[in-house]
Amino acid sequence: FKYTQYKYLNQQCIILRAIFINNEWHSSVSGKKFPVFNPATEEKLCEVEEGDKEDVDKAVKAARQAFQIGSPWRTMDASERGRLINKLADLMERDRLLLATMEAMNGGKIFSNAYLMDLGGCIKTLRYCAGWADKIQGRTIPMDGNFFTYTRSEPVGVCGQIIPWNFPLLMFLWKIGPALSCGNTVVVKPAEQTPLTALHMGSLIKEAGFPPGVVNIVPGYGPTAGAAISSHMDVDKVAFTGSTEVGKLIKEAAGKSNLKRVSLELGGKSPCIVFADADLDNAVEFAHQGVFYHQGQCCIAASRLFVEESIYDEFVRRSVERAKKYVLGNPLTPGVSQGPQIDKEQYEKILDLIESGKKEGAKLECGGGPWGNKGYFIQPTVFSDVTDEMRIAKEEIFGPVQQIMKFKSLDDVIKRANNTFYGLSAGIFTNDIDKAITVSSALQSGTVWVNCYSVVSAQCPFGGFKMSGNGRELEFAWLVGNYGGSMISELNRIQTRKA
Amino acid sequence: MATTNGAVENGQPDKKAPALPRPVRNLEVQFTKIFINNEWNESKSGKKFATYNPSTLEKICEIEEGDKADVDKAVEAAQAAFQRGSPWRRLDAPSRGRLLQQLADLVERDRAILATLETMDTGKPFLHAFFIDLEGCIKTLRYFAGWADKIQGRTIPTDDNVVCFTRHEPIGVCGAITPWNFPLLMLVWKLAPALCCGNTVVLKPAEQTPLTALYLGSLIKEVGFPPGVVNIVPGFGPTVGAAISSHPQINKIAFTGSTEVGKLVKEAASHSNLKRVTLELGGKNPCIVCADADLSLAVECAHQGVFFNQGQCCTAASRVFVEEQVYDEFVRRSVEYAKKRPVGDPFDVRTEQGPQIDQKQFDKILDLIESGKKEGAKLECGGSALEDRGLFIKPTVFSEVTDTMRIAKEEIFGPVQPILKFKNIEEVIKRANSLEYGLTAAVFTKNLDKALKLASALESGTVWINCYNAIYAQAPFGGFKMSGNGRELAVLCLLQVTLPVSEKVGTGLFYLYVYSLIHWL
């Protein structure tokens, strides 16, 4: 297979850079390759085989073959599927350092976060999903007439999965974990900016003993490989995490082609509401982490902070103090607390939005521009006196920029918080139980955090209202249709006449 | 039982047959004391009791004999481990699951040791202990490890302006009394769900077979369960068992054993503190073979169904009803099978049947065999002990058995197959349901309508169609009528070890978790 030797932290590592189909490494049908970069240094790390429609076709064929009735994957005990997934978790634990380094280098992620949070989350998610494999139950139903009727939950089939660049490995596992647990086969397209950890997972999947064709990985671009998956006539379901703009294209393509099932995990402009009775230090810290974590590149970023009038000035003061505490630099270097943005496109978009903030009259409290002369670094930026019509209050920035707005009344802030097409997450800070319950029920948000933020765990469903997405990830009650929306499991009703 | 999936390279099954596992030679029994708070204690009374190898009739070793005082100590430890704020209570659900997974790993590591101990202590063939008992233990542990963080409550839209939700909470200190026929497996069936849900446990293994339970204690300590979470008190029923059943600080008891003792346990539970009770008792399980069955399949399943584990299974197929037209042929083939069944040293790889567990059982079985002869059943083969010494009984088949005979009504728990005749479906349903037992049943037929009709009509916790002893961790197991109360395995049993708690928050009342940090480690 094709690989590149790369030196990091005084150790050799092998970077896999080919297309993974049927547990084998393939070159692209077209012969093309694409470059992969380190956003902290802007240098090219390597070139990866560029998948396009023909490669996707090959991958889907392999996935379909692996899904045939009678195949090793279909005849395997459900508990054995769970065993394989646990084995994969063990292998990730073994290769944790390598994967974390690759993720930090390719994704611009602070190394300690990659090692502790991303890899920790990956392993826990896999173990959670492994446990569900043999617990996905149907029911027997006493219906009218002399019939014996029961439902079975069956895998949907070939699942296409398109992964983003902000949490490349974690999002990869959020997609394949539940899908494999339910017995599906998958064709995964990692983001073109960050394919490396996904390809390493290919080698672990083979090592763990998954039958060939169960997991296939096709690196490439959205308009080519991604579009090929969304409109493929033999893909039964597509799962996408990324921007709302692209999410719409995918849902369209799914409708136009074969009505494949769609789940979407899109953007957000998540509100964080701080009441005057909140624990102020707690609120400042969570709101800060909520918007600055991973250079602001989180779908759940707390990018609209509503602070009650009476504590507004103090809140801004403490937030600015907090934002000034960053050490920017190469994310592999210990002591560095903020890395680069992922690429030039994002970098320019964020700087443009910062300029709009200045132009439209927000008060720039700190930061407000680029940093350093190499790599896509942006200074941590805080705007106060932000009003709802400003671009920075409406558009998803996906950068280290915090907007702090003022509010007077509870009803008013609920209206303003809900006044967006997004609805992914929200945070509330208060010690008053009535406020907590009232506001959390009123917010149109997939997740509401009370006195905390960014708490995500494999056991809980995650997903958005409105244009932040369709469907939920993780947590199987959703996935197997207990709530009506069957995502990766089909409910099959079997009826037999009783004697 | 389910096969082990030998998938290795690229999901393809391993082509070469694995070598047969070997028992551990000259195994020293290390763990003979009472296990409380992850420590090994002597009995308060100073008494010990002996455990024997039923194949050789030799004493294996002496075990500390627990009594009420030791049970009290164990319960104290279990209660302390269950206190709010204790390490066990503060452990998050996925971590509990991890501990169970790791325990499964250690059982797998020490599989040969445990299988050897089990064979020494019970007389069951070593290969059965290794491939069936131990396989079941490992799979059950792994199954429940997966449930730990998936036990969900609900939010409920009630009338009025109230927030209402349920949470499942562990019950508290659970008592478990396990039998001698599948000592380790039955222990794991009790332990895994209880620990999965966050309870603490006080266990009494059967006095005939304490060795594997105590070895498991050492693994529980090695894995890192906090002290007091699992406590093991070997001893006798009327002392330790009774103390557990009537202990006021034990909130639940699970018992597997005879119906006679099950009744005593339920009585004691009621008398004391109304502790929740689940019982897994005896059976006199009907096996119905219709004329259109695949006859060789039926013969084989019925044979294994009654003779497996020396006949010492609650699921034993101890009333075989065969439809008239195929009766003679069925009997002929069953006798052939029974005559071929190799009886002998359980460590010999060819052995399928070892000795009965002890003199008491042995005598009871021979007494029932004699009653069969006296009451007019036709002895087709076997019918007596194997040698002058020892607890081995020849595989025995009776035909022309009628419903009033003792061998057709009483649980034999030995290698004795009574075969009865029937004419039609309605008749056999009535006869099959006529006893107070109702644990399992089996139906052999190729006809779909017959299969479904019989499956619905039989008063039985489990009905097997064209198979036997298909028992998996994923499916609930338990009896109707006097074969038991409640179900083991699967998610249903988790409802028996948790209490759903309703929480309602109205205006003015206080609840709702609010603090949480990012925890990925």
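Values below: all heavy atoms of this structure, side chains included; hydrogens, waters and symmetry mates excluded. Labels below follow one simple rule: chain letters A, B, ... track the order of the sequence lines, proteins then strands, and each chain is numbered from 1.
A:Arg83 CZ to B:Lys139 NZ: the interatomic distance, rounded to the nearest 0.5 Å, is 9.5 Å. Of the inter-residue distances, the one linking B:Asp105 atom CG with A:Asp90 atom CG reads 7.5 Å to the nearest 0.5 angstrom. For the atom pair A:Phe148 CZ and B:Asp449 CG, the distance stands at 12.5 Å (nearest 0.5 Å). Here A:Trp132 contributes atom CH2 and B:Asp149 contributes atom CG; the two are 9.0 Å apart, rounded to the nearest 0.5 Å. Taking OH of B:Tyr472 as the reference point, atom CG of A:Asp77 lies at 8.0 Å (rounded to 0.5 Å).
Listed here is the closest heavy atom pair of A:Tyr128 and B:Gln152: OH-NE2, 4.3 Å. Of all heavy-atom pairs spanning B:Pro94 and A:Gln459, the tightest one is CG-NE2, 3.2 Å. The two residues A:Ser79 and B:Gln474 have their closest heavy-atom pair at CB-NE2, 3.7 Å. Across all their heavy atoms, B:Tyr143 and A:Lys135 have their closest contact at O-NZ, 2.9 Å.
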